[in-house]
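As structure tokens, the structure follows; a few thoughts come after it.
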Number of protein chains: 2
Amino acid sequence: MFELDMRSRQPIYEQLVDKLKELIISEVLKPDEQLPSVRTLAGQLTINPNTIQKAYRELETQGYIYSVKGKGSFVNPTSLVKNSEKLVSVIKELKKLLSEAMYLGVKPEELIELIHDLESSVGGGENDD
Amino acid sequence: MFELDMRSRQPIYEQLVDKLKELIISEVLKPDEQLPSVRTLAGQLTINPNTIQKAYRELETQGYIYSVKGKGSFVNPTSLVKNSEKLVSVIKELKKLLSEAMYLGVKPEELIELIHDLESSVGGGENDD
DNA sequence: TCAAGTGTACTAATACTCGTAGTACACTCA
DNA sequence: TGAGTGTACTACGAGTATTAGTACACTTGA
């Protein structure tokens, strides 16, 4: 499904969180779609189920998925992912990165073009109707 | 100068890197301005000089500062910070965050407005002339 | 009803990272 | 030449990540 960088300083469970989030945002994983079980994914990636569970718990905390004991873990419908605390931290981080990009020579026009390029590959928001 | 969150999961040296970078980008710290010495800042922040040195080394690796043995550490002139490897990783991270923001309901127009708001508070780039 | 699946949580062990304390060397400059 | 500067190293303790192992609660289909 995806590959992990075992030598990265970034913890394995965080890499999982990042990759699954990308799949949800780009709607490769669709709302209410079931995720692989923690034991299945653990077997596929040759890592411990507890590590998968840790990633899934983080995604649930951030509102991206929901889990049902005995049934599995599923992608949250996008209207349920609205998470104002999360949004505040994303915006804060975005400001830093946008400033850094412009400092490094990227023109505002280029960033605006980037936004338009990404617009069509994102699910959720309010342009799904 | 700034405050650190000793209880954060983010390592102290990384918090330093982030804050100093923000000061450089917003030109609170100006090109060729000297940074506090590692011993001075260590004293001010009540942390170990090796921790400061680690942050300064990271900033130097990323191209934001330069150091001279016996003289000190200085902000790199912005024309020297152009670092295409760094830029590539910033753009990659930006794409992820922009997608996430739109997924969470932020309209492209709002992001574009954010860019315009930030434009005036960034040094470097090519609008300094 | 039960077996196979699911999520969830806990303990304990190991390895890694972070921050510290301490120390020492090379350089600059007034 | 002394006081400042950066730089680098060892060793130690604390915290985190990952693992192995185990066990419990739930779901569902045969």
Side-chain angles (χ1 to χ4, degrees), chain A residues 1-21 24 29 31-76 80, chain B residues 1-21 24 29 31-76 80:
Chain A
M1 181 187 253
F2 41 59
E3 62 233 47
L4 303 169
D5 183 356
M6 298 310 194
R7 283 167 303 193
S8 174
R9 255 191 76 245
Q10 188 183 20
I12 292 176
Y13 81 92
E14 279 191 2
Q15 293 180 51
L16 273 171
V17 169
D18 284 351
K19 289 184 193 307
L20 285 163
K21 198 187 295 180
I24 291 167
L29 292 173
D32 289 312
E33 180 169 343
Q34 182 164 1
L35 300 174
S37 79
V38 304
R39 289 174 184 83
T40 300
L41 196 52
Q44 284 171 353
L45 299 177
T46 322
I47 66 181
N48 197 270
N50 290 327
T51 304
I52 307 292
Q53 173 61 21
K54 185 164 179 172
Y56 278 22
R57 191 163 46 245
E58 178 61 28
L59 283 164
E60 189 162 10
T61 298
Q62 292 189 30
Y64 285 96
I65 68 171
Y66 62 96
S67 301
V68 185
K69 242 186 204 182
K71 293 185 70 173
S73 300
F74 305 84
V75 178
N76 249 329
L80 293 179
Chain B
M1 182 189 254
F2 40 61
E3 64 233 47
L4 303 170
D5 182 356
M6 297 310 194
R7 281 166 304 193
S8 173
R9 254 191 79 244
Q10 188 183 21
I12 292 174
Y13 80 94
E14 277 192 4
Q15 294 180 50
L16 273 171
V17 168
D18 285 350
K19 289 185 194 301
L20 285 164
K21 198 188 292 180
I24 290 168
L29 293 173
D32 290 312
E33 180 171 343
Q34 181 163 3
L35 301 174
S37 77
V38 303
R39 288 175 183 83
T40 300
L41 194 52
Q44 285 171 352
L45 300 177
T46 323
I47 65 180
N48 198 270
N50 289 327
T51 306
I52 309 292
Q53 174 60 22
K54 186 165 178 173
Y56 278 22
R57 188 162 50 245
E58 177 63 27
L59 283 164
E60 188 162 12
T61 297
Q62 291 189 31
Y64 285 96
I65 68 171
Y66 63 97
S67 300
V68 185
K69 241 185 204 183
K71 292 186 73 174
S73 300
F74 305 84
V75 178
N76 248 330
L80 294 179

**Prompt:** Is A/E60 reaching over with its side chain to a backbone N or O of A/S73, donor-acceptor style, under 3.5 angstrom?
**Reply:** no
**Request:** Output yes when a side-chain donor or acceptor of A/Q53 lies under 3.5 Å from a complementary backbone atom of A/V38, and no otherwise.
**Result:**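 Pair absent, no side-chain N/O of A/Q53 close to backbone of A/V38.
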[X] side chain: which of [options] is closest?
X: B/I12; options: D/dG6, D/dT27, C/dG19; answer: C/dG19
X: B/Q53; options: C/dG7, C/dT20, D/dG6; answer: D/dG6
X: A/S37; options: C/dT6, D/dG6, C/dG19; answer: C/dT6

**Prompt:** With a 4.0 Å cut-off on heavy atoms, is B/R39 in touch with a base, just the backbone sugar-phosphate, or nothing at all?
**Reply:**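 Base: the residue B/R39, judged by heavy atoms under 4.0 Å, touches a nucleobase.
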**Prompt:** Looking across every strand, which nucleic acid part, if any, lies under 4.0 Å from B/R9 by heavy atom: base, sugar-phosphate, or nothing?
**Reply:** sugar-phosphate
**Asked** What about A/N50, does its side chain sit under 3.5 Å from the base of C/dG7 through a donor-acceptor pair?
**Response** no
**Message:** Could you check whether B/E58 pairs with A/R9 (Lys NZ or Arg NE/NH1/NH2 to Asp/Glu carboxylate O, under 4.0 Å)?
**Reply:** no
Are [X] and [N] close enough that a side-chain N or O sits under 4.0 Å from OP1 or OP2?
X: B/Y13; N: C/dC18; result: yes
X: B/S73; N: D/dT5; result: no
X: A/T40; N: C/dT6; result: yes
X: A/S67; N: D/dC26; result: no
X: B/K54; N: C/dC18; result: yes
X: B/K71; N: C/dC29; result: yes

Expressed in angstrom and rounded to an integer, what is the separation of [X] atom [atom1] from [N] atom [atom2]?
X: B/Q34; N: C/dT28; atom1: CD; atom2: C1'; answer: 11 Å
X: B/K69; N: D/dG6; atom1: NZ; atom2: P; answer: 12 Å
X: B/Y66; N: C/dC27; atom1: OH; atom2: P; answer: 19 Å
X: B/Q15; N: C/dG19; atom1: CD; atom2: P; answer: 8 Å
X: A/Q10; N: C/dC16; atom1: CD; atom2: P; answer: 18 Å
X: A/N48; N: C/dT11; atom1: CG; atom2: P; answer: 16 Å
X: A/Y56; N: C/dT6; atom1: OH; atom2: P; answer: 10 Å
X: A/L16; N: D/dA17; atom1: CG; atom2: C1'; answer: 13 Å

**Message:** Let me spell it out: for each of A/T46 and B/R57, pick the nucleotide of DNA chain D with the closest heavy atom. Which residue's pick is nearer the 5' end?
**Reply:**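 It is B/R57, whose closest nucleotide lies nearer the 5' terminus.
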**Message:** If I compare all heavy atoms of B/L45 with all of B/M6, which pair ends up nearest, and what's the gap?
**Reply:**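 Reported closest heavy-atom pair: O-CE, 4.4 Å.
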**Asked** Which heavy atom in A/Y56 sits nearest to a heavy atom in A/P36, and how many Å separate them?
**Response** OH-O, 2.6 Å
**Fill in**
Between A/V38 and B/V68, the residue closer to the 5' end of DNA chain C by nearest nucleotide is A/V38
**Item:** Working for side-chain contact (heavy atoms from CB on, under 4.5 Å), residues A/I65 and A/I24
**Value:** CA-CA 9 Å; A/I65 68 171; A/I24 291 167; 3.9 Å; yes
